[in-house]
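Just below is one structure, and these are the notes that go with it.
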Amino acid sequence: MPFNIQGFKENLNSYGYLDNNSFDVIVKTPKILQNKVLNNQGTDQDTQRIAKNLKMRIEQIRAPGINIMTSQIQRYGIGSVQNMPINAQFQDVYLSLLMDHYGEIWQYWYNWANLVFGFNGLESANGPTINSFPSYQAEYKDDYSTVVQIIIYDHFGNSIQKINLYEAFPVSIREVPLSWGDANLMRLNVTLSYTSYALVGSSVQPQPAPQPQRPFKSVRNSTTIRPGVN
């Protein structure tokens with residue numbers, strides 16, 4: 001059957017569409033960074049304020065995907081095989097953030113990653129802090145993980161879809177290219193891992209049973225004959 005352009009237009013008019021450039025990303029401050037200040041060149045900055053600023057600075061993100069892992073099973077013990085599901089695997093999510101002038105966003109993610117796994121000691125403006133060495137140990141996941149929410153909007157600014165990433169934390173901070181011949185804005189690319197995700201409010205439920213219909217009663221005009229009346 002040839003492509004029906006008129007039917008396609010009618011489908012768009014009836015069901016609409018979504019753009020991929022109308023979204024927000026909300027990063028809830030992990031427990032390990034709550035009620036803390038980030039020391040930036042001797043100036044204390046509230047980590048909660050930096051986390052709120054991320055909403056305006058995350059310019060790209062990929063909504064999460066899922067892989068159903070399968071194993072090849074011989075249907076009758078021999079012969080042809082078929083794929084049977086054995087597990088689910090969630091793909092990492094990639095963020096692209098526009099840097100701020102003071103580098104607070106860069107330092108926020110760096111310190112968060114360092115608190116996940118102590119790969120570096122403390123540094124002050126004058127160099128390494130005395131008696132501060134890398135621990136090379138991981139913290140408790142409940143302390144360093146958090147919930148990241150992606151909100152997708154329609155053309156009128158209405159929230160259409162919310163996606164929650166549970167127990168999310170940074171697993172990679174990509175290198176930042178610097179070049180005298182490049183005049184582009186500086187960006188930070190971060191990879192998030194998470195335990196699971198959910199489309200908020202989305203579920204499949206049994207279809208309600210049809211309600212029994214009441215029997216139809218026909219109402220007609222009737223003439224009452226009274227005795228003794230001609």
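Given the structure is predicted, the values throughout are model-derived calculations rather than measurements. Position 1 is the first residue of the sequence; numbering continues from there.
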Where [X] and [Y] come nearest, the two heavy atoms and their spacing:
X: F23; Y: E59; result: CZ-O, 3.5 Å
X: I150; Y: A63; result: CD1-CA, 4.3 Å
X: L18; Y: Y153; result: CD2-O, 4.0 Å
X: P30; Y: S145; result: CB-O, 3.9 Å

What's the verdict on side chain to side chain contact (heavy atoms under 4.5 Å, CB included) for F169 and T146, showing C-alpha distance, side-chain angles and the deciding distance? CA-CA 7 Å; F169 63 95; T146 188; over 6 Å; no

[X] atom [atom1], neighbour heavy-atom count above 12 within 6.0 Å:
X: F119; atom1: CZ; value: yes
X: L12; atom1: CG; value: yes
X: K141; atom1: NZ; value: yes
X: K36; atom1: NZ; value: yes

Considering only residues two or more places apart or on different chains, which pairs with a residue in residues 167-176 satisfy side-chain hydrogen bond (donor to acceptor under 3.5 Å, both in side chains)?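 For residues 167-176, and leaving out neighbouring residues, the side-chain hydrogen bond (donor to acceptor under 3.5 Å, both in side chains) pairs sorted by first residue read E167-T195.
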
Apart from M84 itself, what residues make up its hydrophobic cluster, given side-chain heavy atom links below 4.5 Å?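 I73, which link up through side-chain heavy atoms under 4.5 Å apart, make up the rest of the cluster.
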
Kindly compute the distance separating [atom1] ([X]) from [atom2] ([Y]), expressed to the nearest 0.5 Å.
X: T47; Y: L33; atom1: OG1; atom2: CG; value: 5.5 Å
X: I163; Y: S202; atom1: CD1; atom2: OG; value: 10.5 Å
X: N4; Y: E10; atom1: CG; atom2: CD; value: 7.5 Å
X: Q89; Y: I66; atom1: CD; atom2: CD1; value: 9.5 Å
X: I58; Y: R187; atom1: CD1; atom2: CZ; value: 13.5 Å
X: L97; Y: M186; atom1: CG; atom2: CE; value: 13.5 Å

Tell me whether [Y] is reachable from [X] by hopping between hydrophobic residues (I, L, V, M, F, W, Y) whose side-chain heavy atoms are closer than 4.5 Å.
X: I151; Y: Y17; result: no
X: V176; Y: W109; result: yes
X: V190; Y: F117; result: no
X: L115; Y: L192; result: yes
X: Y15; Y: I160; result: no

If you apply the rule side chain to side chain contact (heavy atoms under 4.5 Å, CB included), what do you find for L199 with Q161, and how did you get there? CA-CA 7 Å; L199 303 183; Q161 186 64 70; 3.6 Å; yes

Can you tell me if Y108 and N53 form a side-chain donor-acceptor pair at under 3.5 Å?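 Distance-only check fails for Y108 and N53.
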
[X] (side chain) donor-acceptor with [Y] (main chain) under 3.5 angstrom:
X: Q91; Y: N67; result: no
X: D19; Y: N21; result: no
X: N11; Y: G7; result: no
X: N158; Y: D154; result: no

Side chain to side chain contact (heavy atoms under 4.5 Å, CB included) with R57: which of L188, I50, I105?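 Exactly one pass, corresponding to I105.
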
Per the side chain to side chain contact (heavy atoms under 4.5 Å, CB included) rule, which among V116, L165, V171, V93 passes with S193?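 Single pass found, and it is V171.
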
Residues which pass side-chain hydrogen bond (donor to acceptor under 3.5 Å, both in side chains) with D44, listed by chain and number, not counting sequence neighbours: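 If we apply the side-chain hydrogen bond (donor to acceptor under 3.5 Å, both in side chains) test to D44, skipping adjacent residues, the hits are N39.
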
Would you say Y166 and V147 make side-chain contact, with heavy atoms under 4.5 Å?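 Result yes, sub-4.5 Å side-chain heavy-atom pair found.
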
Between L95 and V148, is the side chain to side chain contact (heavy atoms under 4.5 Å, CB included) condition met? List the steps. CA-CA 11 Å; L95 304 176; V148 175; 5.9 Å; no

F8: partners by ring-ring contact (aromatic ring centres under 6.0 Å, His included), with sequence neighbours left out: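 F8: ring-ring contact (aromatic ring centres under 6.0 Å, His included) contacts with F3.
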
Which pairs count as salt bridge (charged side-chain N to carboxylate O under 4.0 Å, His left out) when at least one residue sits in residues 94-122, sequence neighbours excluded?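 For residues 94-122, and leaving out neighbouring residues, the salt bridge (charged side-chain N to carboxylate O under 4.0 Å, His left out) pairs sorted by first residue read R49-E104.
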
Aromatic ring pairing Y194/F90, orientation class (parallel under 30°, perpendicular over 60°, tilted between):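 Rings of Y194 and F90: tilted, as their planes differ by 30° to 60°.
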
Any residue meeting side chain to side chain contact (heavy atoms under 4.5 Å, CB included) with Q60, in chain and number order, not counting sequence neighbours: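 Side chain to side chain contact (heavy atoms under 4.5 Å, CB included) list for Q60, sorted by chain: S96.
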
